[in-house]
Amino acid sequence: MSDLDLLAINTIRTLSIDAIQKANSGHPGLPMGAAPMAFVLWQRHLKFDPAEPNWQDRDRFVLSPGHGSMLLYSLLHLYGFPLPMEELQKFRQWESRTPGHPEFGHTAGVEATTGPLGQGSVNAIGMAIAERFAAQRLNRGEHKPVDHFTYALVSDGDLMEGLNYEGASLAGHLGLGRLIYLHDSNDISLDGPLELAFSEDTAIRYEAAGWHVQTVADGDTDLEGIDAAIAAAKAETAKPSLIIVKTTIGYGSPNKAGSSSSHGSPLGADEVAATKRALGWDPEHTFYVPGAVLEHTATASGRGAAARADWGTRFQAFEAAHPDLAASAKLADLGLLPEGWNEDLVRFEPGERVATRDAGGKVLNAIAGRLPWLLGGDADLSGSTKTSLKGEGDFHDQADSPARNVRFGVREHAMGAIANGIAYHGGARCFTATFFVFSDYMKPAIRLAAMNHLPVVFVFTHDSIYVGEDGPTHQPIEHLAALRAVPNLNVIRPCDAEETRIAWEVAIEDQERPTVLVLTRQKLETLDRKVFGNVEQARQGAYVLSESSAHVAAVTLVATGSEVHLALAAKPLLEAAGHATRVVSMPSQELFEDQEPTYRRSVLRDEGLTVSIEAGSTFGWERYTGRRGLTIGLDRYGASAPAEVIAEHLGLTPESVAERVIQALSAV
């Protein structure tokens, strides 16, 4: 190790402990222990240009253990990204660009929001899938506009997460040779020695999963060993790589190195001073960066700038040779859609009985024909979710062509995190699919997609008790309410095939938030829009399907999905009993809340009794029904029986709805 390399590594360490000490909050152990491997990667291998942080063909670097964020912030500062020293000094403070865990879109150079362990490592798998897909789609002969690697620094905690097991299994199966993990193996967790809870042989596990595995025994000082391991990993193109780097947590701290006491708390002023002395640093220097270090790191930044300039020249040549492909790549990178992409997309005839999962599959395939950068898959359920892209091949089967069906297997949580990684990477749109009840397995990934404005489409079928004989384990109850509670997530439950078409169009058009599509297994009649409301109004979240017989309605029935048909069937029973009734379809509460107040008031008038009808938890519907309104739903689990029998017993029939409404009216 040269003196200059050591000086740079110790600068990373001291910047990190200074920021954490000033904030009186943070995790110093990881930045101190992992600084050597991170430095070698950034200084000698990582392809980036701080002047263009979002350059398409850059390498991606994900710090999966986001609690070690000061490692990443120190690197970004030293390598010339727009992260000035003042921001390091505001670590973990209000409105700083250095929050406690890295946040995508908030700080230039942060490729993914990490913190919940395992998410970042599996996001990296999605990035590697996106890189391969883009290379298969765009690279032609001598023209290779896509040629980069994905790196993730992972921790012992990441590797303990079940999510990470799922992702590693799929990455090995797919042979993602441009994915490289650097494992900060320090044998310490927050509670103490790792052996308290984890004693398996990580190398054997990853080898069994189809990974190329290497170990660097001395990650504290052996820079050449780390360098050689990264070079070997880059040369292994048939398998993803895991480099186990044995490190000392809190390296340099005389009293806390190698112990959990350095993991999640500031070292303390005295220990910071002692650590600086042990590293050959002046204890009086805080937030100090030697000029020689900046000159040294500038060589790597300059190398990246040259690589970007060369790529620009190569892309121009590619564009000249393949103008249509280049235009497609630009649209995909910018998140734009081709002109007229949804014109005459697919239509369904009035009276046609179609399950919304089937309608969704037809619309999805029509969209895929117009968006060649759309890919996705399911959790071993394509025959049930109807989300297979016809004639597009399976991603792992065709190494040289852009197959678009990703077979995620029974790995729901990893599927969600991988889809987020594809969205983080850019250049592709991704969808996932499984049964709605299994959204529970995907919730952490869905939440992060919403937090980071990732336009992933999460398709969920088998949406309610109408799953029938499969019973309560497979019948969603609280799931709609749970997902509606997630900020910046659009949940759409269409009532027929035509609303499903609109739902897919809305999902593809929305670049600022993910969309959940909740679809039926059972067939539903396609409504005659000459009789009922204009289906294009579904874009507004809610609209009047059927007006009442009187100018002032006594009852407004608000329903979603299959229960819209239940409301329409209950309406004539109520009208016959002398209660003028309106029916409102509300496929998306989120879209409805986006509308102007005047529109919302025109749909949900302040008159009569407002009744919600949904085959799920009633939680949250009081915002529309009011305290004196009526919520009809299921605040219990379902049962195993034919769907119509369950509906009869649980009061989801036109007669039961009408009876409950009449009782409520008499009590007003």
Side-chain angles (χ1 to χ4, degrees), residues 353-362 364 377-388 408-413 415-416 431-443 446 457-484 491-497 499-500 503 516-526 559-567 569 587 612-619 621 631-654 656-657:
R353 291 183 58 78
V354 186
T356 55
R357 64 169 177 170
D358 289 308
K362 292 178 181 179
L364 169 61
D378 58 89
D380 195 42
L381 289 170
S382 63
S384 292
T385 61
K386 310 299 182 183
T387 48
S388 178
F408 288 104
V410 188
R411 303 182 180 98
E412 292 91 351
H413 196 175
M415 175 171 70
F431 66 89
T432 67
T434 188
F435 292 170
F436 190 30
V437 76
F438 301 137
S439 62
D440 286 338
Y441 289 159
M442 299 177 67
K443 172 69 185 311
I446 293 172
V457 183
F458 298 101
V459 178
F460 294 109
T461 66
H462 297 60
D463 69 336
S464 67
I465 59 161
Y466 296 107
V467 171
E469 292 86 348
D470 282 343
T473 63
H474 281 55
Q475 294 168 1
I477 298 295
E478 74 281 13
H479 300 74
L480 281 163
L483 290 178
R484 286 172 180 151
V491 180
I492 309 179
R493 187 173 183 238
C495 77
D496 70 354
E499 274 196 4
T500 304
V516 166
L517 301 182
V518 184
L519 308 176
T520 68
R521 182 180 72 168
Q522 72 273 21
K523 293 181 179 181
L524 301 175
E525 181 180 347
T526 303
T560 77
S562 52
E563 289 74 73
V564 168
H565 299 266
L566 177 57
S612 66
I613 310 173
E614 189 169 67
S617 169
T618 62
F619 183 82
W621 274 109
T631 57
I632 297 176
L634 300 174
D635 293 315
R636 53 153 287 175
Y637 296 111
S640 177
E644 61 275 12
V645 174
I646 298 174
E648 180 76 31
H649 280 279
L650 298 185
L652 293 176
T653 65
S656 295
V657 167

Notebook entry, point to check: Under 3.5 Å, is there a donor-acceptor pair linking the side chains of T356 and T500?
Noted result: no
Check: Looking at side-chain heavy atoms only, is the closest gap between L519 and D463 below 4.5 Å?
Finding: no
Item checked: Ring centre gap for F436 and H479 strictly below 6.0 Å -> yes
Next item on the list: Identify, with sequence neighbours excluded, every residue that meets side chain to side chain contact (heavy atoms under 4.5 Å, CB included) alongside A433.
Entry: D378, T385, T387, V459
Notebook entry, point to check: Nearest heavy-atom pair of A359 and V354: which atoms, and what distance?
Noted result: N-CG1, 3.7 Å
Margin query: Whether E614 and R484 form a salt bridge (side-chain N of Lys/Arg under 4.0 Å from carboxylate O of Asp/Glu) is what I want to check.
Written below: yes
Next item on the list: Would you indicate whether the side-chain heavy atoms of L634 and L650 approach each other to under 4.5 Å?
Entry: yes
Note to self: Please find the pair of heavy atoms, one from H474 and one from D470, that lie closest to each other, and give the distance.
What the structure shows: CB-CB, 3.9 Å
Note to self: What I'd like to find out is whether the side chain of M442 reaches to under 4.5 Å of the side chain of E412, using heavy atoms alone.
What the structure shows: yes
Check: Between S464 and Q522, which heavy-atom pair has the shortest distance, and what is it?
Finding: OG-NE2, 4.4 Å
Margin query: With heavy-atom distances below 4.5 Å as the criterion, would you say the side chains of Y466 and R521 are in contact?
Written below: no
Next item on the list: May I ask you to test the I613-V657 pair for a side-chain heavy-atom distance under 4.5 Å?
Entry: yes
Check: Residues two or more places apart in sequence or in another chain: which of them pass salt bridge (Lys or Arg N to Asp or Glu O under 4.0 Å) with E563?
Finding: R493
Margin query: Contact between I446 and L483 at the side-chain level, heavy atoms closer than 4.5 Å - yes or no?
Written below: yes
Check: If you look at every heavy atom in P494 and V518, which pair is closest and at what distance?
Finding: CD-O, 3.4 Å
Check: Going by heavy atoms in the side chains, are L381 and F435 under 4.5 Å from each other?
Finding: yes
